[in-house]
Amino acid sequence: MKYDFEKIEKKWQKIWEEKKYAPWKVKKTSGKKNTYILDMFPYPSGSGLHTGHIEGYTATDILSRYYRMQGHQVLHPMGWDAFGLPAENYALKMKKNPMSFVPTNIELMKKQLKKMGFSYDWSREISTTDPAYYTWTQWMFLQMYKKGLVYEAESPINFCPSCKTGLANEEVVGGRCDRCGSETETRMLSQWHIKITQYADRLLEGLDGLGWPESIKELQRNWIGKSEGYEITFKTEDKENTISVFTTRLDTLFGVTFLVLAPEHQMALKIAKGDYYFITENYIENAQKRTAKERRSSDEVSGVFTGSYVVHPFTKIRIPVWVSEYVLFDYGTGAVMGVPAHDKRDHRFATRFHLSIEEVIAGKDVPHENYGVLKNSEEFTGLTSQEAIEKIGEQLMSSGIATKHIYYKLRDWVFSRQRYWGEPIPLIRCPHCGIVPVPEKDLPVTLPPVKSYEPSGTGQSPLAKIKEWIEVKCPVCDKKATRETNTMPQWAGSCWYYLRYLDPKNKKVFASKESLKAWLPVTMYVGGAEHAVLHLLYARFWHMVLYDAKHVPTPEPFARLVNQGIILGPDHEKMSKSRGNVVNPDDITKEFGVDTLRMYEMFMGPFEDTKPWAQEGIRGIFRFLIRVWSIGLDVKKKNVPSSIKDDALLKGLHATIQKVGQDIPALKFNTAISAMMECSDMLRKKCDEGALSPNTFIDFLKILFPFAPYTAQELFHMLGKTTLLDSASWPTVNKKYLAQESKTIIIQVNGKKRLDFSVPLDMTFENIKTEAMKSPKVKIYLKGKKILKTIFAQDRIINFVVKE
RNA sequence: GGGCAGGUGGCGGAACUGGCAGACGCGCAGGACUCAAAAUCCUGUGGGAGCAAUCCCGUGGAGGUUCGAUUCCUCUCUUGCCCACCA
C-alpha cells in the first residue's frame with residue numbers, strides 16, 4: 001500500500017473535526033499539572049501561512065503533544081491579531097473593507113492551521129477585532145486612564161506620511177516606518193500617551209528573573225536605556241539665565257570647554273546676543289526644516305555660537321554656549337556640556353570649530369570615553385573617575401548646583417492612531433466637563449461600519465467624518481459632546497490576548513480569577529525576535545499595570561520565551577517577493593505531505609538559529625516517513641507475537657525513547673529526529689529478521705507522533721488500535737535496556753587515539769591499564785619509550801604520556 | 001560607533017561537564033530493480049599518501065593553558081542580526 005499522505009491527512013482531519021477537537025480541549029479540573037504553551041498569534045494577512053509561522057507553530061505543537069503524553073493538562077490556544085496597520089494596509093491594497101476582508105482571511109488561515117495538524121483548542125479561539133474581545137481592551141485602557149497613566153499632549157512625534165498616522169518610537173526602525181518602510185517625519189500632533197516610562201525601572205528589573213534569551217533581555221535593557229547621572233546648572237555670565245545639562249561623566253567636569261544646546265532649546269534665542277542672534281535664529285530655522293532622518297545621517301558637523309558664555313562652577317572660566325543639531329532635544333535636558341577630550345562627538349565638534357580641548361583623565365592612548373585617573377582637576381586630581389563622580393557630585397549638590405538624575409531612552413507610548421482599523425479610544429470630549437471616560441457599562445465603543453476608511457493625512461482619524469458616531473451625550477452633564485476619534489495602535493489587542501484565552505467567553509470579567517491563577521504565567525512563549533521592543537515590552541508593561549490593580553496574580557506574563565530562528569530562502573537571503581525566493585508551504589505539502597513539511601522544518605537546524613531552506617533536503621525526511629510507513633505495513637503483515645523479545649532491538653528503541661524525550665523539552669528537535677532516523681534503520685532490519693512485534697513498533701509511533709501526527713496516527717490505527725494517539729502516554733524508558741554489559745575505553749598515546757578497548761563494566765583502572773599495555777597496537781607506540789604519566793578519565797579514556 | 005550571535009566536509013548540521021571531530025540528512029559515486037527513466041533500496045563518501053594494513057593533515061587565523069582543546073584564555077580576521085549623535 002502506497003504512503004498516500006493526502007488521504008491520511010483528510011481522514012484524520014475529518015475525525016478530529018467530528019470529535020470537535022476534544023482531545024486538545026482543556027478540562028476545568030483535571031488534577032494534572034498545568035502547562036500553558038503559547039504561540040504569537042498571527043495577523044490574518046490573506047497570503048496565508050508562511051514557512052516562519054509553520055516553524056514556530058510546529059515546535060509548540062510538538063511540545064504540546066509531548067506534555068499531554070507526559071500527563072500534563074496543556075493549554076494550547078490560537079487566535080487572531082486582526083486590528084492594526086498590517087491588516088488595514090493589506091485591505092487598502094486589495095481595495096476591500098477590513099471588516100469583511102478580515103473574517104475571510106481568518107477562515108483561510110484557520111483552514112491552513114488545521115491542515116497542518118496543529119492541536120489547538122479551537123473552542124478558545126479569539127480575535128482582537130471581536131467587540132466581545134475589545135470591550136476588554138477598552139476596559140483596560142480605562143483602568144489606566146483612571147490610574148492617571150494616560151495623558152494627552154501635543155508633542156513632536158514620529159509620523160508616517162504613507163500610513164498617514166502617528167507612530168510610537170518602537171515602531172520607527174532606522175528612521176523608517178516599521179510597517180511600510182517609508183521615511184518618517186516629525187510632526188507636532190496632539191496625541192494620547194501612556195506613561196510606560198513610569199514603569200521603566202520595573203520593566204528593567206523584572207528581566208533578571210525571566211527565562212528569556214539573553215539577547216532579547218539585552219535589547220529591552222538597551223531600549224529602556226537607563227542612565228544615572230547628574231543635572232548641573234550653569235549660570236550665564238550676566239547671571240540672568242541658567243542652563244541645565246545632564247551628564248553621566250561628572251568626573252570630566254574640568255574638561256568642559258563649551259556648552260551645546262539643541263536647536264529646539266528655548267534658551268537658545270533667549271541668550272543669543274548681537275549679531276549672533278540672527279545667525280542663531282537662522283540656524284535654528286534651517287535645522288527645524290530638516291527631517292529627523294536627515295539630521296541623523298548628516299556627516300557634516302554644524303553649529304553656531306550664541307554669543308553668550310556661562311561660568312564654570314569651579315574654575316569660574318567663561319564657557320561659550322553653542323547651538324548644534326547633534327544635541328537631541330528630547331533626551332536629558334536638551335543641552336550638553338562639551339568635553340572634547342573625552343567624548344567623540346564633542347571632539348568632532350571642537351575640532352570643526354577650533355574650540356580648545358582639555359584632557360582631564362590620565363592614561364590610555366585613546367582618551368575618548370575612557371574612565372581613569374583625574375588630572376588638571378584642582379583638588380580632585382588623582383582620584384579615579386568613580387571616586388571623582390561621587391566627590392564632585394557631593395560638592396555641587398551641597399551648593400545646589402547639581403542634582404542626581406536618572407534618564408531613560410524609553411519614551412512614553414504614543415497611543416493614538418489616525419486610522420480606522422483599530423479599537424476606538426473610549427473617551428468623550430465634553431465642552432463643559434473636559435475629557436470624560438466612557439462609563440464601563442457603555443463598553444464596548446464599537447467601531448462603526450464605513451464606506452470609506454482611507455486615512456486622511458490631516459492628522460484626523462477617518463472616524464472624524466462619521467457625524468452620527470461622533471456625536472454623543474456627555475455621560476456627566478448630558479450635554480452635547482463628541483467621541484475621541486483616534487483609534488488604538490495594533491499592539492493594544494496583543495498586550496493581553498494570552499489572558500483572554502483562559503476564559504474567552506466570560507462576559508463579566510476579562511478572565512476569571514481561578515483561570516488566571518491556574519494558568520499564569522505562560523509556561524512557554526514562542527515567536528519571532530522582531531517583537532523584542534514592541535509587543536514583548538508593551539505586553540509586560542500592560543501586565544504590570546494589571547498586576548498593580550490586582551487583576552492578575554503574577555508580576556510578569558511570560559515565564560519562558562523562545563525565539564524561532566528566521567528561515568532564509570534557498571539562496572541564504574531573507575525570503576521576499578522581490579527576490580523571488582519565497583517558499584510556499586502549500587507547494588511542499590502538496591508534493592510531500594504535512595508531516596514531511598513539519599519534520600523538515602524541525603530538522604533543518606537548531607530551532608533558534610537562522611537557517612536557509614534547502615529544497616533538496618526535504619527528500620531525506622520524506623524517505624524517512626516512507627521507510628516508517630513500509631515498516632508499519634510489514635509489521636502488520638508479519639504480526640510477530642509480543643512474546644518475542646530481541647535484546648538489541650529493545651536497547652536501540654529505548655535509547656531512542658530516552659533521547660527524544662530529553663530533546664523535545666530542550667527544543668533540540670533536529671537531534672531528536674536524527675535519533676529516530678537511526679532507530680528506523682534498526683527497526684527495518686529487525687522487522688526483516690522477524691523480531692519486530694506490533695506492540696514494540698507502537699512505542700516508536702508514540703515518540704514519532706508529536707512530530708508526524710498523521711503518519712503515526714494512521715499506522716497506529718492500521719495496527720488495530722481504535723483510540724487516538726493523543727490519549728496515549730509517553731513510553732516509559734526501561735532502564736534495564738539502557739544498561740551496558742561492557743564499556744569502551746579509548747586508549748591514547750600522547751593524546752592520540754590508538755585503540756578502542758572493550759572491557760567488562762567492573763574492570764578496574766589498573767587492570768584495564770595492564771591489559772591495554774599488552775595489546776600489540778598499543779605496544780608499538782610504547783616500545784622503547786618511557787611512560788611519564790598515565791591519565792585515566794573515568795569510563796572514557798586512558799592516555800599514556802610517553803617520551804623517547 | 002555600540003550591543004548580541006556565529007565561523008566545523010561540496011551543502012544543512014552533530015559532538016554531554018575539556019576526552020574517539022564530522023552523528024543524522026542532502027549531494028555525489030558505484031551497485032540492485034527497470035526495455036529505459038523517475039521513484040525506491042543497498043554500499044561508499046573530510047583532505048592527502050598508499051595495492052593494503054596504515055600514516056600524515058584537519059573545526060576562520062596566530063599564540064597560550066592542558067596528558068588531551070571545536071570546547072577554556074589572549075590577540076586577530078570575518079559573517080549575520082539588532083540598535084544607533086541617548087551625553
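Every chain is numbered from 1 and lettered A, B, ... according to where its sequence line falls, protein lines coming before strand lines.
- Dense packing is recorded around CD of A:Glu573, with more than 12 heavy atoms of other residues, nucleotides or ligands lying under 6.0 Å away.
- Shown here, B:G9 is classed syn by the O4'-C1'-N9-C4 or O4'-C1'-N1-C2 angle, which is within 90° of 0.
- Checking the phosphate oxygens (OP1, OP2) of B:C82, no side-chain nitrogen or oxygen of A:Ser215 falls inside 4.0 Å.
- For the pair A:Lys611 NZ and B:C81 C1', the computed distance is 14 Å after rounding to whole Å.
- Using a 4.0 Å heavy-atom cutoff across all strands shown, A:Lys668 reaches sugar-phosphate atoms only and no base atom.
- Salt-bridge check for A:Asp681 with A:Lys685: failed, with every basic side-chain N at 4.0 Å or more from each acidic carboxylate O.
- The phosphate of B:C67 (OP1 or OP2) has a side-chain N or O of A:Lys789 nearer than 4.0 angstrom.
- Between A:Phe349 and A:Tyr326, a ring centre-to-centre spacing shorter than 6.0 Å is recorded.
- Checked against B:C83, B:C26, B:C67, the side chain of A:Ile791 finds its nearest nucleotide in B:C67.
- Here the side chain of A:Asn222 is nearest to one of B:C83, B:G13, B:G3, namely B:G3.
- Here A:Asn670 does not reach the OP1 or OP2 of B:C24: none of its side-chain N or O atoms lies under 4.0 Å away.
- Toward the 5′ end of RNA chain B lies the nearest nucleotide of A:Asp609, the other residue of the pair A:Asp609 and A:Glu678 mapping further downstream.
- Separating the P atom of B:A36 from that of B:C51 is a span of 36 Å, rounded to the nearest Å.
- A salt bridge is absent between A:Asp330 and A:Lys409; no separation between the charged side-chain nitrogens and carboxylate oxygens falls under 4.0 Å.
- Rounded to whole Å, atom C1' of B:G13 lies 16 Å from atom CH2 of A:Trp613.
- If you look at A:Phe592 and A:Phe5, their ring centroids are not closer than 6.0 Å.
- Between B:U65 and B:G12, the distance separating the two C1' atoms is 34 Å to the nearest Å.
- For B:C4 and B:U43, the P atoms lie 48 Å apart once the distance is rounded to whole Å.
- Base contact: A:Gln748 has a heavy atom under 4.0 Å from a base atom.
- Applying the 4.0 Å criterion to OP1 and OP2 of B:A87, one finds that A:Tyr407 has every side-chain N and O outside that range.
- Between A:Arg684 and B:C41 there is no side-chain N or O to OP1 or OP2 distance below 4.0 Å.
- For B:G6 and B:C26, the P atoms lie 27 Å apart once the distance is rounded to whole Å.
- In this structure, A:Arg348 does not reach the B:C85 phosphate: none of its side-chain N or O atoms is under 4.0 Å from OP1 or OP2.
- Using a 4.0 Å heavy-atom cutoff across all strands shown, A:Arg411 reaches at least one base atom of the nucleic acid.
- Here the C1' atom of nucleotide B:G25 and the CD atom of A:Glu601 are 16 Å apart, to the nearest Å.
- With C1' as the reference atom, B:A15 and B:A21 are 7 Å apart, rounded to whole Å.
- When each of A:Gly617 and A:Pro612 is assigned the nucleotide of RNA chain B with its nearest heavy atom, A:Pro612 is the one assigned upstream, toward the 5' end.
- If you take CD1 of A:Ile797 and P of B:A21, they are 8 Å apart, rounded to a whole angstrom.
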Q) Going through the checks in order, is the side-chain hydrogen bond (donor to acceptor under 3.5 Å, both in side chains) test met by A:Ser227 and A:Tyr331? A) CA-CA 11 Å; A:Ser227 291; A:Tyr331 182 76; 3.3 Å; yes
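- For the P atoms, the distance linking B:G7 with B:C73 amounts to 15 Å, nearest Å.
- Residue A:Val173 is in sugar-phosphate contact alone, with no base atom involved, counting any heavy-atom pair closer than 4.0 Å across all strands shown.
- A:Arg221 has no side-chain polar atom (N or O) that falls below the 4.0 Å cut-off from OP1 or OP2 of B:C82.
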